[in-house]
Amino acid sequence: AGAKIGLGAWTTGKNLGGFNIWDTDTVLANKGGVRVGAKFFPNVGLGQFMEKLKAELLSRREKFKAFSMDAAISMKLEMMPRALKAAPTGITYDRFFTTMDGYLTNDHAVVVDSGFPLLGAQELHRGEPNTFIAQASGLSIGYSVPAAIGVKCAMPEKRVMVFVGDGAFQETCQAVSTQHHQQQNTVVFVLDNKIYGIEQLLVNPNPFRGEDKVDYSEPALNTIYPYNKLNNWKYAKLTDAFGGKGLEVRTMTELKVALATIDASPDDNFIVHVHIPETDIPASIEYRTESPGEDETENPDWSFC
């Protein structure tokens, strides 16, 4: 529609999607006032703004109806080739979360960690409020696993599903011991790409570009940096020490079998080791590969991209 409107939204680096909040087509309304581009109106409350916005939208309803179904279908068809091309045979972030979106019910609460899991999980549909928990402002890795303990205490009727990266899980994995000790039936999905993915993406996204990868004369810019590679744990084996059950999945078929196994053990806690390709990223962050990373801007070969 040519405008971006945020109602009571936090403007953090995680939810801005790369756009400039100072653009004149961007409106951010909070209880403390309304910002339109660089202009700020402190005396306009969020409630007042929403009432005026509602009235304006109703007045333009007929104009909005002019966007025909044919146009919507055309847009969807234009997007299909790219979506089909991006669907590999193994587990990826997007395929994993698409499967989970169809699996989750109102009997579940979701706790998501920072990094690629949070970016992949943002399309999950939740049927009840307060059942998607993430530290979307602080972005402290490792938050999700111990946070799930408190979520289960607050919602004992829910089965808590945790989505956490391997690097974040290594920070606070011992919280699984408390989950088992408290007889919580929490399920922790460790999405293991064997690297600190988001950190690599920010400084040098080249390894994530696939067929569009730049062939740099400096070899280090063509691969994952050594300092972003993690020690490979046997995550599913940790339940031998902490308590609970461990599962390991490498394919979509194995993932579906794992979900059936989880459902068959409603009182047990689980660690599910999910293998993700090292250079796979959620589609929601692919736009970051279209511009140079911090290290690339200092390399003369960047003009080749």
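Side-chain atoms are counted along with the backbone in the values below, which use heavy atoms only and exclude waters and symmetry mates.
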Do you reckon [X] sits in the same ILVMFWY cluster as [Y], going by side-chain contacts under 4.5 Å, direct or chained?
X	Y	value
Phe270	Val249	yes
Leu139	Phe116	yes
Ile198	Val111	no
Val164	Leu230	no
Met161	Ile276	yes

How far apart are the closest heavy atoms of [X] and [Y], and which atoms are they?
X	Y	answer
Cys153	Pro156	O-CD, 3.6 Å
Pro117	Ser114	CD-O, 3.8 Å
Ile224	Pro207	CD1-CB, 3.8 Å
Thr172	Pro146	OG1-CD, 3.5 Å
Ile141	Asp113	CA-OD1, 3.4 Å
Ala148	Val160	CB-CG1, 3.8 Å

*In sequence, state the C-alpha distance, the side-chain angles, and the governing distance for Phe96 and Leu255, and then conclude on side chain to side chain contact (heavy atoms under 4.5 Å, CB included).*
CA-CA 8 Å; Phe96 172 81; Leu255 175 60; 3.7 Å; yes

Hey, what do you get for [atom1] ([X]) to [atom2] ([Y]), rounding to the nearest 0.5 Å?
X	Y	atom1	atom2	value
Leu57	Ile5	CG	CD1	7.0 Å
Glu278	Ile281	CD	CD1	13.0 Å
Leu28	Lys4	CG	NZ	9.5 Å
Lys256	Met252	NZ	CE	6.0 Å
Ile271	Cys173	CD1	SG	7.5 Å
Lys245	Thr261	NZ	OG1	8.5 Å

*Are a donor atom and an acceptor atom from the side chains of Glu296 and Tyr216 found within less than 3.5 Å of each other?*
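There is such a pair between these side chains.
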
*asked:* If we count only N and O atoms by modelled type, under 3.5 Å, do the side chains of Thr131 and Lys158 hold a donor and an acceptor together?
replied: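 The answer is no; no qualifying pair exists.
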
*side chain to side chain contact (heavy atoms under 4.5 Å, CB included) assessment of Leu259 paired with Met100*: CA-CA 9 Å; Leu259 295 177; Met100 295 309 301; 4.0 Å; yes

*Let me see the working for Val176 and Tyr235 under side chain to side chain contact (heavy atoms under 4.5 Å, CB included), right down to the final yes or no.*
CA-CA 11 Å; Val176 172; Tyr235 298 103; over 6 Å; no

Do [X] and [Y] have side chains that approach each other closer than 4.5 Å (heavy atoms only, starting at C-beta)?
X	Y	result
Glu56	Ser59	yes
Phe208	Gln200	yes
Leu7	Phe49	yes
His275	Ile91	no
His108	Tyr103	yes
Val34	Gln48	no
Leu247	Ile262	yes
Asp94	Pro282	yes

_salt_bridge(Glu128, Arg126) N-O dist < 4.0 Å_ =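 No, Glu128 and Arg126 are not salt-bridged.
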
Using modelled atom types only, decide if a donor and an acceptor are shared between the side chain of [X] and the backbone of [Y] within a distance under 3.5 Å.
X	Y	answer
Asp101	His125	yes
Thr251	Glu254	yes
Arg288	Leu202	no
Asn269	Gly243	yes
Asn204	Asn206	yes
Gln179	Val145	yes
Lys213	Asn222	yes
Ser144	Val162	no

_Over 12 non-hydrogen atoms of neighbours within 6.0 angstrom of CG in Asp240_ =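 Atom CG in Asp240 is packed in, count exceeds 12.
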
*Whether over 12 other heavy atoms sit under 6.0 Å from Gln174 CD*: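 Yes, CD of Gln174 has more than 12 neighbouring heavy atoms, counting only those of other groups under 6.0 Å.
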
*Under the criterion side chain to side chain donor-acceptor pair (under 3.5 Å), which of Thr98, Asp280, Asn193 is the partner of Tyr93?*
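Among Thr98, Asp280, Asn193, the one meeting side chain to side chain donor-acceptor pair (under 3.5 Å) with Tyr93 is Asn193.
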
Under 3.5 Å, side-chain donor or acceptor atoms of residues 184-191 against the rest of the protein: list the pairs with distances, not counting sequence neighbours.
residue	atom	partner	partner atom	Å
Gln184	NE2	Ile149	O	3.3
Asn185	OD1	Lys152	NZ	3.0
Asn185	ND2	Pro266	O	2.8

